[in-house]
Amino acid sequence: MQRTVLVNGTFLTGDDLTPVTGALAIVDGRIESWGTDVTARPGDDVVDLDGGVAMPGLMDAHCHLIYRDVADPYDIELRKSVPQATVDAVHNAGVLLRKGFTTVRDVGSRANIGVEVRDAIRRGDVPGPRVLAAGRIVSAPGGLGDFQPSHLFEHAPYPHSLAVQVVGPYEAATVVRTQLKDGVDWIKVGVSGTGFNPLCPAERSGLTDVEFHALVDEAARQGVPVVAHAESEDSVRTAARAGVASIEHALFLADDALEAVVEHGLTISPTLSMYRAFAEQGLRMGIPQVIVDQHKRTHEHHVASIAKAVAAGVPIVAGGDAGLTHFVQGSCAVEPSTYVELVGMTPRAALQSITVNIARLLRIDDEVGTLAPGKVADVLVLRRDPLADVTAVSDDAARVMVLQGGRVVS
């Protein structure tokens, strides 16, 4: 039995991140106990936190492990080969772990890379966070994932793209079964367009209702959750009423769509800091003008929509959508401070969005997401109290150490 004791620290415990001073004991990778009465025993590995503050390991609910220094769809799909994208994903997994991210949900990759990297991490072949992976994004011709001009791949869909295009309900259901065969944890579907795709703006819908519902129904029958990219008002409404597990972005959130989100107990992952960066700093980041213009047009709507969801009590989860030029992997850590600044969250609620809320969404809250007895000891130690200054989680200088399963990894 290996026992590690973290001493001389403050620990943000439980679902409410309640501060507890003293020490925290870890046995065989799981939290045993904490408090002022916890002491080291002969043979224990003692780690002095020197007054630091320990919180649960960070999580990213909207990650693309293959994104590394990409500015547009050309970079993602065509500039980089599948082998290069695989190397990028392995590299990014290590970067995320060192930055304090101990769990991520990969919501779309090429060639099943997210699943393969997940398995490599589980085997111990490469370092990285716990990964729950989707496969290629399910889209439609002219939809979210149809990134390239028609003359490039007319009548011959590009096999190494980020998305798979379906036509009709039977193809939509078939993709679910195929991806499950290939080992996915989630199904990612693009219900609307996006400001990142000049050929399919945010306000445009992608899949037909028949296609989308066929996919959701098949996923439900197979017991796999669905994550829906939905930016337009109609797509958010459609996704909410269909009962997907989470809605990504939600730029335009009408009142009746919000009612459906609340009624079905859905979660929203806004990726607000990335969209904000595009709108406010896109050109300096090397993002093409046409993409920046689309995000400038939608940014105020996005902020208003998420503020409305927060006021209604909708669970919010932090997602980075990071890896773009000058918005690097790990930038999801900026999301909590963005929520505090733009949508009026408390620091505690913002920190819950990047820990316990994601664990609940991913259905792994019995294992991770909080510092609690019996939970896996995924821990981020900071020099500053994030409840007093939420920017501490995104400040590399504030990071003291990262523990994964009770083992110091950074």
*Compute the ring centroids of His249 and His302, then answer whether they are less than 6.0 Å apart.*
no

*Identify, with sequence neighbours excluded, every residue that meets side chain to side chain contact (heavy atoms under 4.5 Å, CB included) alongside Asp396.*
Lys99, Arg399

*Basic-acidic side-chain contact under 4.0 Å: Asp69, Lys80*: no

*When you look at Asp256 and Arg241, which way does the salt bridge (charged side-chain N to carboxylate O under 4.0 Å, His left out) test go after all the steps?*
CA-CA 10 Å; Asp256 61 336; Arg241 290 175 175 172; 3.3 Å; yes

_With rounding to the nearest 0.5 angstrom, report the CD1 to OG1 distance, Ile113 to Thr86._
3.5 Å

*Per the side-chain hydrogen bond (donor to acceptor under 3.5 Å, both in side chains) rule, which among Ser269, Ser353, Ser273 passes with Glu335?*
Ser273

*Start with the C-alpha gap between Val343 and Leu272, add the side-chain angles, then the distance that decides, and say whether side chain to side chain contact (heavy atoms under 4.5 Å, CB included) holds.*
CA-CA 10 Å; Val343 302; Leu272 189 57; 4.1 Å; yes

*Taking Asn112 for the side chain and Asp182 for the main chain, is one N or O donor matched with an acceptor at less than 3.5 Å?*
yes

*Indicate the atoms forming the closest heavy-atom contact of Ala350 with Pro336, along with that distance.*
CB-O, 3.5 Å

_side chain to side chain donor-acceptor pair (under 3.5 Å) involving Glu211 - partner list, sequence neighbours excluded_ = Thr208

_Surrounding CD of Gln281 (heavy atoms of other residues, nucleotides or ligands, distance under 6.0 Å), is the total greater than 12?_
yes

*asked:* Quick test of your reading of the model: are Arg30 and Glu367 salt-bridged, counting only N-O distances below 4.0 Å?
replied: yes

*Stepwise side chain to side chain contact (heavy atoms under 4.5 Å, CB included) test for Asp365 and Val356*: CA-CA 7 Å; Asp365 52 312; Val356 60; 5.6 Å; no

*If we only count heavy atoms from C-beta on, is the Val314 to Leu266 side-chain gap below 4.5 Å?*
no

*Is any side-chain heavy atom of Met55 closer than 4.5 Å to a side-chain heavy atom of Val53?*
no

_For a side chain to side chain contact (heavy atoms under 4.5 Å, CB included) check, start with the C-alpha distance between Asp321 and Tyr67, then their side-chain angles and the critical distance, and finish with the verdict._
CA-CA 9 Å; Asp321 217 354; Tyr67 285 9; 3.9 Å; yes

*Exercise: identify the closest heavy-atom pair between Leu387 and Pro347*: O-CB, 3.5 Å

_Could you report the tightest heavy-atom contact between Leu12 and Pro386, atom names first, then the distance?_
CD1-CG, 3.8 Å

*Is Asn92 reaching over with its side chain to a backbone N or O of Asp88, donor-acceptor style, under 3.5 angstrom?*
yes

*asked:* Using side-chain heavy atoms (C-beta onward) and a distance below 4.5 Å, is Arg130 in contact with Ile364?
replied: yes

*Quick check: does any side chain N or O of Thr13 sit under 3.5 Å from a backbone N or O of Leu371, one acting as donor and the other as acceptor?*
no

*Spacing of NE2 belonging to His301 relative to OH belonging to Tyr275, to within rounding of 0.5 Å*: 14.5 Å

*Residues Gln404 and Thr102: side-chain donor-acceptor under 3.5 angstrom*: no

_Pairwise side-chain contact, Asp185 with Arg118, heavy-atom cut-off 4.5 Å (strictly under)_ = yes

*Does Arg348 reach the main-chain N or O of Asp16 with its side chain, forming a donor-acceptor pair under 3.5 Å?*
yes

_Show the nearest heavy-atom pair for residues Gly319 and Asp60, with the distance to one decimal._
CA-OD1, 3.4 Å

*Say you draw a straight line from CG of Asp209 to OG1 of Thr238; how long is it, rounded to the nearest 0.5 Å?*
5.0 Å

*Measure from the side-chain N and O atoms of Arg360 to the backbone N and O of Gly369, and report whether any donor-acceptor pair falls under 3.5 Å.*
no

_For Leu382 against Ala392, the heavy-atom pair lying closest together_ = CD2-O, 3.8 Å

*asked:* If you define the side chain from C-beta out and look only at heavy atoms, does anything of Arg284 sit under 4.5 Å from His326?
replied: no

*How about Leu96 and Val104: do any of their side-chain heavy atoms sit closer than 4.5 Å?*
yes

*About how many Å separate CG of Asp106 and NE2 of His64, when rounded to the nearest 0.5 Å?*
7.0 Å

*asked:* In the structure I gave you, are the side-chain heavy atoms of Arg221 and Val176 within less than 4.5 Å of one another anywhere?
replied: no

_Derivation of the side chain to side chain contact (heavy atoms under 4.5 Å, CB included) call for Leu324 and Phe278_ = CA-CA 10 Å; Leu324 307 170; Phe278 275 18; 3.0 Å; yes

*Sub-3.5 Å donor-acceptor pair from the side chain of Glu77 to the main-chain atoms of Pro73, do we have one?*
no

*Can you measure from CG (Asp50) to CZ (Arg383) and round to the nearest 0.5 angstrom?*
8.5 Å

*Given side chains that start at C-beta, do those of Val117 and Val90 come closer than 4.5 Å, heavy atoms only?*
yes

*First locate atom CD1 of Ile306, then atom CG of Leu342, and finally report the distance between them rounded to the nearest 0.5 Å.*
11.0 Å

_Please give me the minimum heavy-atom distance between Lys308 and Ala254, naming the atom from each residue._
NZ-C, 4.1 Å

*Do Arg105 and Ser246 have side-chain atoms, one donor and one acceptor, less than 3.5 Å apart?*
yes

